[in-house]
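Bear in mind the structure is a predicted one, so any value in this text is a computation, not a measurement. Counting starts at 1 for both ligands and their atoms, in listed order.
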Amino acid sequence: MLRAYTKQLLSIADPKPEPSSRPEVWAGGRQELCETLQYFRAYHGGGYTTGGFARGFMFDKSAHARDFVDSTVVIARAGGGLVKDKDSGERVVGSDRTEDSKVASLRNSMQYFNPVVIITGADNPNIPSQPPHTYCVLDYFKPTHIWSEKSKGKKILRYRFEKLDATKPSWWAPNNNEAQIEHGSLDPPIVYKCSKCNHESQQIYLQGWMCLQPSCSMFWLLAPTSTNLDPHEPVEADLEYDPCFLKQRVRWPNDKHIYSLASNDVELSGLSIVGEDCSLAYWQGMVCPKCGRCNSRLSWTGWECGNELQECNWKKEPPHIFIPAQSLRDPFFPLTSSYTLSRDTHLPLVKLDVSFKDNYRINRYTIPGIEGFVAHLIANKTVLEEEGGPDRMFEELQREDIGLKRRGLGSGMLKGESYTRHFLVNYGMPYKFIAATASRSFDDAARPINHTRTRLNWAAKFVLAEEVVSEVEREVEEGWKKNEFNEVLALGYFEQQRINYHDDGEYGLGPTIATLSLGAPGTMRLRMKARHHNGVSAAGVYDDTPALPGCAAYDARRSAQSSLVALKQSNPQAYRARLKTLPKELKLKSGGTARDAITLTLAHGDIVIMHGAEIQKYYEHSVDHAGKLRFALTCRYIDPNSLKEADRPNYEVRPDEGVYDGGCLPAAG
Ligand SMILES: O=C(O)CCC(=O)C(=O)O
């Protein structure tokens, strides 16, 4: 009878039946899941541990043949260690699995009676009903057993989990559920002590008891039988769980305690704590109280349920606690009307020129081998406090909704939609991935947007003219008019939001890009792109662009360059073959990244100007910040002729009519 029962449990109907009810919490994609649930923040892999404790497990497509799920018990193989089998292409266990920190974390959770949450993916072959969403949360489970076994000759680790409150109905039980053996109703499992190693363990399979100590000589061996007179390994395909092992009840003191599955229900303290609503917890996702969907915070103004099927119309918009510009002042870096001290650093290879003009300290960096420059204009107190200037702009941006949203990146490596980490909105000429329909006209933009454009047009001319002698300053002025900034991309960052390394070198962009920083100080890092630094692409092909000072194997790559150029002309086929052999010859490694060449501290009111296409081609930059709220307003010139018809805006992008002259402020000193 028991044998028939385990057979029934292990045979999963195809197609699977409907579940008996709906999951309390679910997600349509991995990012939304991980941003919302504190107990599962692993973007890759199936286990989430933090602080030495296992918190959550996700079981999806890749399952072991003996994995098992019913309404109260889950048995799974410990993750990791899989490799692609050369013949079958299947993912198989590569080498013996031993206990590691992840297993130790699960042992900790067992010892401290910390339940873990189990989540199923829609493709989990063992779940007995068809999950209705990409990811569905099962419930809190007690990890009860950790043991070793063998699978196709390799040692693996396996876990048994039991539902914390087995009396609560399980939504994933199939709606056609036949009578099940009640949890905890069978005899206790059989326990034996190994005659070799003295370790006691339960019998897991009906085929017989086996020692499960991987170091014991009797490990994974069945006792002799009348047909097989020696201890012998079981036939894996025949193994069936012993229901007394499966359906046993392991008691915990907190068995019936209620832990919430819908985490992160943040509420403001009501104490007007500056920055509270911009803190990390406030841009994590939220579970819709109506349908259980995990929703990332996609809008600057708050959360909204994205469940289109159910039209929940659920929204939560916390009030913003205003951050006065005065609170941005750093008492350890006092600002005055004198020129501000610098906190930038750079590698010795980079050339620095410092000048002081119109209340700005100007740190201008040039990189050998790269045409162009990066200029950091560091503002003083006079600039920050000027009428309508950075202080006022920062405050206005908090009072007006300028339409900041996190942008969808399409599905890449992760299941479901992925989103930028920061909020953004585009004004003027549509930029890059921002569709014309999502871009906004300058005509009805908030004052800080139009003022940024005017201010940065002034700053760019000011810095470009600084390079040339005064007679030709007028030429800069006239030349600039033709290609003045026609776009403002506003980025908004809450606590711990950032923009990763990227370049701004898309087709159709002018060579000058300027950014005004407002709010918490940011850190901008510039480094050579890995491909140019390493001299080899991730796929192992030689990078045939000229080697730049500071790159790996600079001299060797320079020597190789002239013969490579000649070969490209004379024999393109041999040239392509050479691109594959050169990396090995020059001992180039494709892994690793270049060191940051320039690191800028972008304080409130500072401006960065990057000039020259080569900076974008060979270098990349990232920006993060350590505060609660920061804005970056970046201006570019986008050639309207570079846009496809469908990408052109349905409004006119008028010339910048603003007048701003930073030279009119009282002189520094
Ligand atoms: O946050 C910043 O200061 C930089 C923004 C940036 O890199 C960009 O808009 O491309």
Side-chain angles (χ1 to χ4, degrees), residues 278 283 300 328 343-344 363 365 372 374-379 390 393-394 397 402-407 409 419-434 438-440 448-449 452-453 455-456 459-460 463 485-527 529 596-613 615-638:
C278 306
W283 67 271
W300 187 255
L328 300 170
R343 288 177 273 177
D344 298 345
N363 291 344
Y365 301 93
V374 175
H376 180 192
L377 281 68
I378 304 180
M393 293 167 87
F394 176 67
L397 285 172
I402 59 164
L404 289 162
K405 297 234 174 326
R406 288 171 69 196
R407 183 172 65 78
L409 301 167
Y419 300 95
T420 55
R421 206 172 159 90
H422 52 274
F423 300 91
L424 64 155
V425 60
N426 193 72
Y427 283 86
M429 211 48 90
Y431 171 56
K432 218 175 175 177
F433 308 108
I434 296 148
S439 285
R440 298 177 172 211
I449 299 293
T452 295
R453 187 183 179 206
R455 199 178 183 87
L456 292 184
V463 168
F485 295 136
N486 59 3
E487 180 258 4
V488 176
L489 179 71
L491 306 190
Y493 303 92
F494 281 175
E495 184 178 40
Q496 288 189 31
Q497 291 187 327
R498 58 170 185 265
I499 188 160
N500 275 335
Y501 285 99
H502 66 286
D503 67 60
D504 291 347
E506 295 81 29
Y507 165 71
L509 295 194
T512 311
I513 294 159
T515 301
L516 171 68
S517 279
L518 298 172
T523 305
M524 180 174 190
R525 300 181 171 86
L526 278 104
R527 68 179 185 196
K529 291 180 185 171
D596 294 317
I598 305 173
T599 304
L600 309 178
T601 298
L602 307 180
H604 172 59
D606 285 2
I607 292 170
V608 172
I609 294 178
M610 289 190 279
H611 176 73
I615 293 186
Q616 308 300 339
K617 182 171 174 195
Y618 295 105
Y619 274 68
E620 56 187 0
H621 58 280
S622 70
V623 182
D624 54 36
H625 73 105
K628 292 280 196 259
L629 182 63
R630 174 172 181 266
F631 297 97
L633 303 159
T634 298
C635 281
R636 300 171 178 84
Y637 168 73
I638 298 174

Q. Under 6.0 Å between ring centres, would you say that holds for F423 and W283?
A. no

Q | Donor-acceptor under 3.5 Å (R343 side chain, L602 main chain) | A | no

When you pair each N or O of ligand 1 with protein N or O atoms, which pairs come out under 3.5 Å?
from	atom 1	to	atom 2	distance (Å)
ligand 1	1 (O)	Y493	OH	2.5
ligand 1	1 (O)	R630	NH1	2.9
ligand 1	3 (O)	R630	NH2	2.7
ligand 1	7 (O)	H502	NE2	3.1
ligand 1	7 (O)	H621	NE2	3.1
ligand 1	9 (O)	R636	NH2	3.4
ligand 1	10 (O)	H502	NE2	2.9
ligand 1	10 (O)	D504	OD1	3.2
ligand 1	10 (O)	D504	OD2	3.2
ligand 1	10 (O)	R636	NH2	3.2

(Q) Ring of Y501, cation from R527 - is the NZ or CZ under 6.0 Å from the centre and inside 45° of the axis? (A) yes

Q. Does a donor on one side chain sit under 3.5 Å from an acceptor on the other, for R498 and S622?
A. no

Q.
Looking only at side-chain N and O atoms, does D624 offer a donor or acceptor that is under 3.5 Å from a partner on Y493?
A. no

Q: Could you check Q616, H621, K617, K529 and say which one makes a side chain to side chain donor-acceptor pair (under 3.5 Å) with D503?
A: K529

